[in-house]
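Both counts, for ligands and for their atoms, begin at 1 and track the order of listing. Keep in mind that what you see is a predicted model, and the values were worked out from it rather than measured. Quick note: residue numbers are just sequence positions, from 1. The analysis underlying the following values was restricted to heavy atoms, covering all of them including side chains, and did not include hydrogens, waters or symmetry mates.
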Amino acid sequence: MVWKCVIIHKEVGDKMKLPNLMEAKKRTNEKVKTKTNEYIVTHELQHLGEGLFYYVKTYGCQMNEHDSENIKAILEDMGYKEANSMETADLVILNTCAIRENAHNKVFGMIGRLKHSKETNPNLMIAVCGCMAQEEHVVEEIMKKYKAVDLVFGTHNIYHLPQLLQKALEKKGQEIEVYSMEGDVIENIPTKRDNPYKAWVNIQYGCDKFCTYCIVPYTRGKQRSREKEYIIDEVKQLVEDGYLEITLLGQNVNAYGKDLYDDYTMANLLEDVSKTGIKRLRFVTSHPWDFTDGMIDMIAKYDNIMPYIHLPLQSGSDRILKLMGRRYTKESYLELYHKLKERIPNCSITTDIIVGFPGETEEDFKDTLEVVKECKYDSAYTFIFSPRIGTPAAKMKDDTPLEEKENRLYELNELVNQYAKETNERYVGKTVPVLIEGISGNNKNMVMGYTDTQKLVNVNASRETIGRIVPVKITEARTWSLNGEVVE
Ligand code: SAH
Ligand code: SF4
Ligand code: F3S
């Protein structure tokens with residue numbers, strides 16, 4: 001892939017900053033600095049978007065959701081207003097995900113659609129950012145085949161969006177600026193939160209784990225923890241502003257602080273954030289490898305740390321786990337699982353599983369099923385392995401036919417759904433706390449929210465309950481949701 005990038009450089013000149021996966025892979029020992037004045041919107045830029053409407057379409061994980069909240073706030077600092085639909089927008093930003101092939105396909109499909117819109121509205125501006133923008137082959141394709149895209153920027157330079165938009169607006173042709181290396185932690189980026197009761201709070205960026213199938217360490221750079229003072233101040237402000245729930249975000253939140261402090265860990269952070277008085281505290285994602293007893297102690301000790309843990313398994317076969325570079329075994333995973341269940345009563349546990357990793361045999365797959373049978377997860381996100389360009393697993397010999405992989409996924413999902421339904425059935429008759437956050441999608445006369453254990457509940461209650469944590473008696477269980485009524 002590298003030589004292709006060199007050719008692109010020659011074609012487009014040196015001004016454009018293009019991504020390079022080999023560069024992105026590099027790690028330095030240098031401690032990352034915190035910068036508080038990198039995001040700048042000059043007086044001129046504050047008026048650039050006046051009278052114009054934007055629409056941000058987000059793909060992928062919570063990290064991207066939160067980045068989109070930053071992007072929206074930046075655009076509003078520039079005078080843009082949010083459009084009600086993509087069709088009425090003057091600027092469409094696609095915040096993309098690179099985790100699997102279908103994520104790519106969705107984005108290219110959307111760019112194709114937008115290209116048509118541009119034919120009727122030539123002033124429409126199209127920008128692509130997020131994890132796909134960090135991949136050199138994607139940027140190469142956009143440059144060659146998708147000239148309708150006006151601006152490409154990456155995950156490391158969101159704070160630079162005002163200046164980039166200005167350049168793109170002045171220029172005919174594409175403006176591309178993607179940094180391969182992560183750079184510093186920027187602290188002064190604004191946020192426009194989508195939900196008035198629940199907020200995302202970044203505690204760490206990037207990932208150093210390099211699981212062999214995964215593109216994230218390349219698209220998000222090296223692990224950089226945010227300084228604890230900034231995190232705690234942000235949460236205190238959220239409490240003051242009336243938020244009831246926060247979710248601490250990172251690809252491996254358990255490794256928080258390792259790159260920054262000698263003696264301050266995720267367990268300490270959980271305790272300090274819990275003490276801010278936020279009603280509900282969650283965190284994603286926990287890698288089983290770094291999950292310490294200290295963390296378990298904190299979750300067990302503080303009532304406002306929710307009894308819900310996402311604990312990705314990926315595979316139940318030691319052989320495959322080793323090939324994946326996950327650094328735990330079936331046995332150590334199960335040991336952690338049971339410890340969590342014992343120490344945190346009522347704890348719900350969900351997981352991620354990949355089937356059809358290169359070389360996965362029927363035997364390996366059976367090992368995964370065994371673990372699922374033992375853990376009886378509350379729910380699980382299941383995927384067929386998708387080779388990502390530049391990752392080691394993409395080069396591994398993979399001779400399992402797709403049909404076989406699909407059969408395995410089907411069998412796994414049957415089992416997962418069965419346990420999800422059984423878990424939900426155990427809630428019937430119980431009264432549980434639910435943070436009511438809006439009108440139910442199923443029935444306009446009902447409201448919806450989540451339990452402490454992160455179960456979606458449709459509730460028979462008045463709209464006055466929205467924005468409160470109320471006791472709800474569960475009356476009915478479905479596979480993916482519960483029904484209930486308020487008991488006050
Ligand atoms: N940091 C998290 C995972 C983030 S990606 C962790 O380590 O647990 C979310 C999920 O996508 C992963 O848990 C994995 O199950 C899935 N995934 C990642 N790369 C994939 C690939 N190449 N093919 C299929 N699934 C993948
Ligand atoms: Fe990807 Fe592994 Fe990092 Fe999770 S821990 S983001 S799966 S490399
Ligand atoms: Fe996708 Fe990037 Fe998140 S690849 S899953 S949006 S970190």
Task: Closest protein heavy atom (residue, atom, distance) for atom 11 (O) of ligand 1 - done: Arg100 NH1, 3.1 Å
Task: Non-hydrogen side-chain atoms of Val107 and Val138 separated by less than 4.5 Å - done: no
TODO: Would you kindly say whether Tyr39 and Asn70 are connected by a side-chain donor-acceptor distance under 3.5 Å?
DONE: no
Open item on the list: Please determine whether a side-chain nitrogen of the Lys or Arg among Glu234 and Arg226 lies less than 4.0 Å from a carboxylate oxygen of the Asp or Glu.
Closed with: yes
- [ ] Note the single closest protein heavy atom to atom 5 (S) of ligand 1, along with its residue, its atom name and the distance in Å.
- [x] Ile99 CD1, 3.6 Å
Task: Thr96 side chain vs Met132 backbone, donor-acceptor pair below 3.5 Å - done: yes
Task: Test: Asp398 and Lys405 ion pair at under 4.0 Å - done: yes
- [ ] For atom 23 (N) of ligand 1, grab the closest protein heavy atom and report residue, atom and distance to one decimal in Å.
- [x] Ser386 N, 2.9 Å
Open item on the list: Once you restrict to heavy atoms under 4.0 Å, what part of Pro312 touches ligand 2? Side chain, backbone, both or neither.
Closed with: neither
Task: Proximal atoms of ligand 1 relative to Pro312 (non-hydrogen, under 4.0 Å) - done: 8 (O)
TODO: Apply the test side chain to side chain donor-acceptor pair (under 3.5 Å) to residues Tyr197 and Glu245: give CA-CA distance (whole Å), side-chain angles for both, the deciding distance (0.1 Å), then the verdict.
DONE: CA-CA 6 Å; Tyr197 317 112; Glu245 179 175 309; over 6 Å; no
Task: Between Asn195 and Glu437, a side-chain donor and acceptor under 3.5 Å - done: yes
Task: Where ligand 3 meets Gln251 - atom numbers and elements under 4.0 angstrom, heavy-atom basis - done: 7 (S)
- [ ] Please write down residue, atom name and distance for the protein heavy atom closest to atom 3 (C) of ligand 1.
- [x] Gln251 OE1, 4.0 Å
TODO: For a salt bridge (charged side-chain N to carboxylate O under 4.0 Å, His left out) with Lys72, tell me which candidate from Asp67, Asp77, Asp194 qualifies.
DONE: Asp194
- [ ] Around atom 7 (O) of ligand 1, find the nearest protein heavy atom and jot down its residue, atom name and distance.
- [x] Arg326 NH1, 3.2 Å
Task: Residue-ligand contact Gln62/ligand 1, heavy atom below 4.0 Å - done: no
Task: Atoms of ligand 2, numbered as shown, that sit under 4.0 Å from any heavy atom of Pro217 - done: 8 (S)
Open item on the list: For Gln314, is there any backbone N or O sitting under 3.5 Å from a side-chain donor or acceptor partner on Asp352?
Closed with: no
Task: Proximity of Asn252 to ligand 2 by residue part, where a heavy atom lies under 4.0 Å - done: side chain
Open item on the list: With heavy-atom distances below 4.0 Å as the criterion, list the atoms of ligand 1 near Gln314.
Closed with: 8 (O), 12 (C), 13 (O), 14 (C), 15 (O)
Open item on the list: Tell me which one of Lys31, Lys35, Lys33 satisfies salt bridge (charged side-chain N to carboxylate O under 4.0 Å, His left out) with Asp184.
Closed with: Lys35
Open item on the list: Within the 3.5 Å criterion, strictly below it, is a donor on His104 or Arg388 matched to an acceptor on the partner's side chain?
Closed with: yes
- [ ] I would like to know whether Asp290 and Lys258 meet salt bridge (Lys or Arg N to Asp or Glu O under 4.0 Å); could you show each step before the answer?
- [x] CA-CA 10 Å; Asp290 293 310; Lys258 285 190 175 179; 2.9 Å; yes
Open item on the list: Taking 4.0 Å as the limit for heavy-atom contacts, which would you say applies to Tyr213 with ligand 2: side chain only, backbone only, both, or neither?
Closed with: side chain
Open item on the list: Within ligand 3, which atoms have a heavy atom of Cys131 less than 4.0 Å away?
Closed with: 2 (Fe), 4 (S), 6 (S), 7 (S)
Open item on the list: Please report whether the ring centroid of His287 lies less than 6.0 Å from that of Tyr328.
Closed with: yes
Task: Backbone or side-chain N/O/S of Cys211 under 2.8 Å of atom 3 (Fe) of ligand 2 - done: no
Open item on the list: Around atom NZ of Lys118, are there more than 12 heavy atoms from other residues, nucleotides or ligands closer than 6.0 Å?
Closed with: yes
Task: Atoms in ligand 1 flagged as close to Thr285, the criterion being non-hydrogen separation under 4.0 Å - done: 2 (C), 6 (C), 8 (O)
TODO: Under 4.0 Å from a heavy atom of Phe385: give me the atoms of ligand 1 that qualify, with their elements.
DONE: 23 (N), 24 (C)
- [ ] Report the nearest protein non-hydrogen atom to atom 24 (C) of ligand 1: residue, atom name, distance rounded to 0.1 Å.
- [x] Ile384 O, 3.5 Å
Open item on the list: With the threshold set at under 4.0 angstrom, would you say Ile215 reaches ligand 1 through any of its heavy atoms?
Closed with: no
Open item on the list: Could you identify the single nearest non-hydrogen protein atom to atom 3 (Fe) of ligand 2 and state the distance to 0.1 Å?
Closed with: Cys207 SG, 2.3 Å
Open item on the list: With respect to atom 3 (Fe) of ligand 3, please indicate if Cys61 possesses an N, O or S atom at a distance under 2.8 Å.
Closed with: yes
TODO: Evaluate the criterion side chain to side chain donor-acceptor pair (under 3.5 Å) for residue pair Asn413 and Thr382; output intermediate values, then yes/no.
DONE: CA-CA 7 Å; Asn413 284 344; Thr382 57; 2.6 Å; yes
TODO: Indicate yes or no: does Glu82 engage Lys192 in a salt bridge with an N to O separation below 4.0 Å.
DONE: yes
Task: Element-labelled atoms of ligand 2 that are located less than 4.0 Å from some non-hydrogen atom of His287 - done: 5 (S)
Task: Subset of ligand 1 atoms that lie under 4.0 Å from at least one heavy atom of Arg388 - done: 22 (N)
Task: Asp208/Arg27 ion pair, N-O < 4.0 Å - done: yes
TODO: Run the contact test for Arg220 against ligand 3 with a 4.0 Å cut-off on heavy atoms, strictly below, and give the result.
DONE: yes
Open item on the list: Quick test: of every protein heavy atom, which one is nearest to atom 10 (C) of ligand 1, and how far off is it to 0.1 Å?
Closed with: Asp352 OD2, 3.4 Å
Open item on the list: Could you tell me, atom by atom, which parts of ligand 2 come under 4.0 Å of a heavy atom of Phe210?
Closed with: 8 (S)
Task: Option nearest atom 4 (Fe) of ligand 2 (shortest heavy-atom distance, choices Lys209, Arg326, Arg388) - done: Arg326
TODO: Tell me whether the guanidinium CZ or amine NZ of Lys106 lies under 6.0 angstrom from the six-membered ring centre of Tyr59 and within 45° of its axis.
DONE: no
Open item on the list: I need the nearest protein heavy-atom contact for atom 4 (S) of ligand 3: residue, atom name and distance, please.
Closed with: Ala98 N, 3.2 Å
Open item on the list: Restricting to N/O/S atoms, is Cys97 within less than 2.8 Å of atom 1 (Fe) of ligand 3 or not?
Closed with: yes
Task: Atoms in ligand 2 with a heavy atom of Val216 nearer than 4.0 Å - done: 6 (S)
Task: Proximal ligand 3 atoms for Asn64, defined as those under 4.0 Å from one of its heavy atoms - done: 6 (S)
TODO: Please write down residue, atom name and distance for the protein heavy atom closest to atom 19 (N) of ligand 1.
DONE: Tyr213 CD1, 3.3 Å
- [ ] If you have a sec, work out which protein heavy atom is nearest atom 1 (Fe) of ligand 2 and how many Å separate them, to one decimal?
- [x] Cys214 SG, 2.3 Å
Open item on the list: With a 4.0 Å cut-off on N to O distance, would you call Glu362 and Lys366 a salt bridge?
Closed with: yes
